[in-house]
Peer 1: 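Supplied in structure tokens, the structure appears directly below.
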Amino acid sequence: MAGPAKARQRPGLQGPYPSVSFSILKSLHASTYSIHVAAIIRMLSPRLVRSHHWFPTMAARGACAVLVLIFLLFVLISHTSNKSISSDSVVETRERMSNGLDEEGQGDAPVETNKNAGISDDTVSSLLERIKVLEDELSSMRTRMDDAENREGNNGIPDEMAVPLPTTKSFPSVRYRNEETRKRVLITGGAGFVGSHLVDKLMLDGHEIIALDNYFTGRKKNIEHWIGHPNFEMVHHDVVNPYFVEVDQIYHLASPASPPHYMYNPVKTIKTNTLGTINMLGLAKRVKATVLLASTSEVYGDPEVHPQPETYWGHVNTIGPRACYDEGKRVAESLMVAYNKQENVKIRIARIFNTFGPRMHMNDGRVVSNFIIQALQDKPITIYGNGTQTRSFQYVTDLVDGLIALMNSNYSLPVNIGNPEEHTIGEFATIIRDLVPGSTSEIVNQESQQDDPQQRRPDIRRAAEQIQWRPQVLMKDGLLKTIEYFRAEIDRNKRGGKPPPEPVRHGGLESRR
Ligand SMILES: O=C(O)[C@H]1O[C@H](OP(=O)(O)OP(=O)(O)OC[C@H]2O[C@@H](n3ccc(=O)[nH]c3=O)[C@H](O)[C@@H]2O)[C@H](O)[C@@H](O)[C@@H]1O
């Protein structure tokens, strides 16, 4: 059974076995715990092989062998007294028993070695059970690891749940600009109706855009075609809180503009227009940016001067339902002028008149979206009041051109941006119904809105003189495009199983109290 004294080759070992190892093996073989000892010797042997030249004399080798023997006996005694068997040695023991190998791997050791070793059958069977449990655990871990490796391509998400990522996204081609002419532009309310059209125009013109939005009325969908473009960044942020960034220009559009939306949370509307404007002016002051405020024709209130020039001071009810927006914008204009005078901030003030176009929200609640949605669905077109009140409507691309022209001018006083083509709301209802082929909507009158301005039309001479801007799109052409947009939206909603859109009335959104 014992191995021959001469060196022999063993799998996994390089070079001959030193004789000292074999003497130790021989003497230990007869011992009660031969299996364990042999395992330890096997672990040590390669080291001994490698360090063979450290044993120059037989005496030294002998002394060393004795020391090793004492150490091994000590290990054996502590093993026995603990009566615990490590899983490694158990596995090894089991291998030996099942393979019938002797300590030197010759395969001639009888299985009865267990009995010789004094291990009872009970111990053996409990060891075998334990080994079985460990093997099962190991195999389930292997399976889990294999699964995880297979899922690596999906970032660990199971195949059935993984959504394939688009490999490349194509963007509209944008103009190339060098460092000198390319501007870094911040647009607050950048995911909103007007903001998103402004993003488009400036992106196509090769500028770097940071669009800020709190998504109260803005939607990611409006700017999703730019997400991932190196010149574009979308930031979810509320302007009521300060925001710090290095930019050359700030278009400050953030605020709900539709009456049902700005009346929904009047306190928040006031905060957005006051604190939000202070934050943007503070930023403009720090980074020396030019800031443009999207003000409104509502600063004229229910005007007594018609059409409205910028020199008209307005007629606003400070405690009416529209005051949160009207007065919020009036304070915002005052803040702009104060920062200009006191801090030399470069300012632009655009007074925006009624604007319409694609990307208006289905629930916007303003007259254009309401009338078009009603006409497309053959529902009654609802006029608030007797319909004699007037408005002048501009298409959104004209507004965007006006905003950019104003920003790039040197003009610091307010400028009206609107289309002077004026209609009564009654006329407007008929115009829209006639533009929707086959619409059978009836036109009905409903209760009038409190403080609803009775006439509105911009005087745009200042815009023409100072920024060389005039609207280009005929109201009818703009309406046709907008009708197509809403038709597609309604179809998309239908396909998605959503209920048909209901136009929102002023105060129709449950207001917060
Ligand atoms: O569209 C805009 O740009 C402007 O819209 C609103 O001003 P408002 O003129 O009251 O806008 P609408 O809600 O569209 O109302 C226009 C007129 O149509 C009437 N209307 C509205 C909705 C409707 O279903 N039926 C209806 O007769 C209103 O009573 C009002 O007389 C905002 O207050 C302005 O800040 C914003 O600049």
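Predicted model only: the values in this text are computed from it and were never measured. First listed ligand is number 1; within each ligand, the first listed atom is number 1. The figures that follow rest on heavy atoms only: side chains count, while hydrogens, waters and symmetry mates do not.
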Peer 1: Checking Q374 against T382: is there a side-chain donor and acceptor pair closer than 3.5 Å?
Peer 2: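 Yes, because at least one side-chain N or O of T382 sits under 3.5 Å from a partner of the opposite role on Q374.
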Peer 1: When you compare the side chain of L399 with that of V194, does any pair of heavy atoms fall below 4.5 Å?
Peer 2: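 Counting from C-beta outward, V194 and L399 do come under 4.5 Å.
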Peer 1: Kindly identify the option in Q394, K329, E298, R391 whose heavy atom sits closest to atom 9 (O) of ligand 1.
Peer 2: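 Considering heavy atoms of Q394, K329, E298, R391, the nearest to atom 9 (O) of ligand 1 sits in R391.
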Peer 1: Check whether any side-chain heavy atom of I383 lies under 4.5 Å from a side-chain heavy atom of I443, and answer yes or no.
Peer 2: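 Sidechains of I443 and I383: in contact.
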Peer 1: Give the atoms of ligand 1, by number and element, whose distance to some non-hydrogen atom of T355 is under 4.0 Å.
Peer 2: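 What qualifies from ligand 1 is 1 (O), 2 (C), 3 (O).
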Peer 1: Within a distance under 4.0 Å of any heavy atom of I383, pick out the atoms of ligand 1 and give their elements.
Peer 2: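 Counting atoms of ligand 1 from 1, those under 4.0 Å from I383 are 27 (O).
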Peer 1: Does ligand 1 have a heavy atom under 4.0 Å from the side chain of R366, from its backbone, from both, or from neither?
Peer 2: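 Both parts.
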Peer 1: Salt-bridged, E310 to R351, with N to O below 4.0 Å?
Peer 2: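 Salt bridge flag = no for R351 with E310.
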Peer 1: Classify the contact between V367 and ligand 1 as side chain, backbone, both or neither, using a heavy-atom distance cut-off of under 4.0 Å.
Peer 2: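 V367 to ligand 1: contacts from backbone and side chain alike.
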Peer 1: Is ligand 1 under 4.0 Å from a heavy atom in the side chain of P259, in the backbone, in both, or in neither?
Peer 2: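 Looking at P259 and ligand 1, just side chain atoms fall under 4.0 Å.
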Peer 1: Taking only non-hydrogen atoms of F356, do any sit less than 4.0 angstrom from ligand 1?
Peer 2: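 Contact check F356 vs ligand 1: negative.
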Peer 1: Taking the side chain as every heavy atom from C-beta outward, state whether E489 and M362 have any atom pair closer than 4.5 Å.
Peer 2: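 Of all side-chain heavy-atom pairs linking M362 with E489, at least one is under 4.5 Å.
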Peer 1: Would you mind listing which atoms of ligand 1 come within a distance below 4.0 Å of any non-hydrogen atom of Y262?
Peer 2: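 In order of number, 33 (O).
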Peer 1: Below 30° counts as parallel, above 60° as perpendicular, anything between as tilted: where do the rings of F171 and H229 land?
Peer 2: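 It falls in the perpendicular class, over 60°.
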Peer 1: Does an N or O anywhere in V368 fall below 3.5 Å from an N or O of ligand 1?
Peer 2: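 It does not: no N or O of V368 is found under 3.5 Å from an N or O of ligand 1.
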Peer 1: Check the orientation of H237 and Y243. Use parallel for under 30°, tilted for 30 to 60°, and perpendicular for over 60°.
Peer 2: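 Tilted, since the angle between the ring planes falls between 30° and 60°.
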Peer 1: Assign the ring pair F353 / Y300 to parallel, tilted or perpendicular, where the plane angle (0 to 90°) is split at 30° and 60°.
Peer 2: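 F353 vs Y300 ring planes: tilted.
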Peer 1: Please could you name the atoms of ligand 1 that Q389 approaches to less than 4.0 Å, counting only its heavy atoms?
Peer 2: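 The atoms of ligand 1 under 4.0 Å from a heavy atom of Q389 are 29 (O), 31 (O).
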Peer 1: For ligand 1, which atoms, with element, lie under 4.0 Å from some heavy atom of I352?
Peer 2: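 Near I352, the atoms of ligand 1 are 37 (O).
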Peer 1: State whether the shortest distance between N or O atoms of N354 and N or O atoms of ligand 1 falls below 3.5 angstrom.
Peer 2: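 N/O-N/O distance under 3.5 Å: yes.
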Peer 1: Within a strict 4.5 Å, meaning less than it, do heavy atoms of the I210 and R184 side chains meet?
Peer 2: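 I210 vs R184: side chains touch.
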Peer 1: Does ligand 1 have a heavy atom under 4.0 Å from the side chain of Q446, from its backbone, from both, or from neither?
Peer 2: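 The answer is neither.
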Peer 1: Flag Y325 as yes when one of its N or O atoms lies below 3.5 Å from any N or O atom of ligand 1, and as no otherwise.
Peer 2: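 Yes, Y325 has an N/O under 3.5 Å of an N/O on ligand 1.
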Peer 1: I need the atoms of ligand 1 closer than 4.0 Å to a non-hydrogen atom of I425, numbered in the order shown.
Peer 2: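 The atoms of ligand 1 under 4.0 Å from a heavy atom of I425 are 17 (C), 18 (O), 27 (O).
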Peer 1: Anything under 30° is parallel, anything over 60° is perpendicular, the rest tilted; go ahead and classify H236 against Y215.
Peer 2: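 Perpendicular: the ring planes of H236 and Y215 meet at over 60°.
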Peer 1: Ligand 1 and Q449, any nitrogen or oxygen pair closer than 3.5 angstrom?
Peer 2: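 So ligand 1 has no N or O lying under 3.5 Å from an N or O of Q449.
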Peer 1: Tell me yes or no: between the side chains of E422 and H306, is some donor less than 3.5 Å from an acceptor?
Peer 2: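 The answer is yes; a qualifying pair exists.
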Peer 1: Could you tell me if any non-hydrogen atom of F393 lies under 4.0 Å from any atom of ligand 1?
Peer 2: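 The answer is no, since F393 has no heavy atom less than 4.0 Å from ligand 1.
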Peer 1: Under 4.5 Å between any side-chain heavy atoms of S255 and Y325, yes or no?
Peer 2: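 A side-chain contact under 4.5 Å exists here.
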Peer 1: With heavy-atom distances below 4.0 Å as the criterion, list the atoms of ligand 1 near F353.
Peer 2: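 Near F353, meaning under 4.0 Å from one of its heavy atoms, ligand 1 has 3 (O).
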Peer 1: Please work out whether any backbone atom (N, CA, C, O) or any side-chain heavy atom from C-beta onward of T382 is under 4.0 Å from ligand 1, and answer side chain, backbone, both or neither.
Peer 2: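 Answer for T382: both.
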Peer 1: Run the salt-bridge test on D213 and K220 with the 4.0 Å N-O cut-off and return the result as yes or no.
Peer 2: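 Judged by the 4.0 Å cut-off on N to carboxylate O distance, D213 and K220 do not form a salt bridge.
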Peer 1: Determine, using heavy atoms of R322 and all atoms of ligand 1, whether some pair is separated by less than 4.0 Å.
Peer 2: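 Yes, R322 has heavy atoms under 4.0 Å from ligand 1.
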Peer 1: Please state whether R456 comes within less than 4.0 angstrom of ligand 1, counting heavy atoms only.
Peer 2: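 Contact check R456 vs ligand 1: positive.
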Peer 1: If the cut-off is 4.0 Å to any non-hydrogen atom of D452, which atoms of ligand 1 fall inside it?
Peer 2: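 Contacts of ligand 1 toward D452, numbered from 1: 28 (C), 29 (O), 30 (C), 31 (O).
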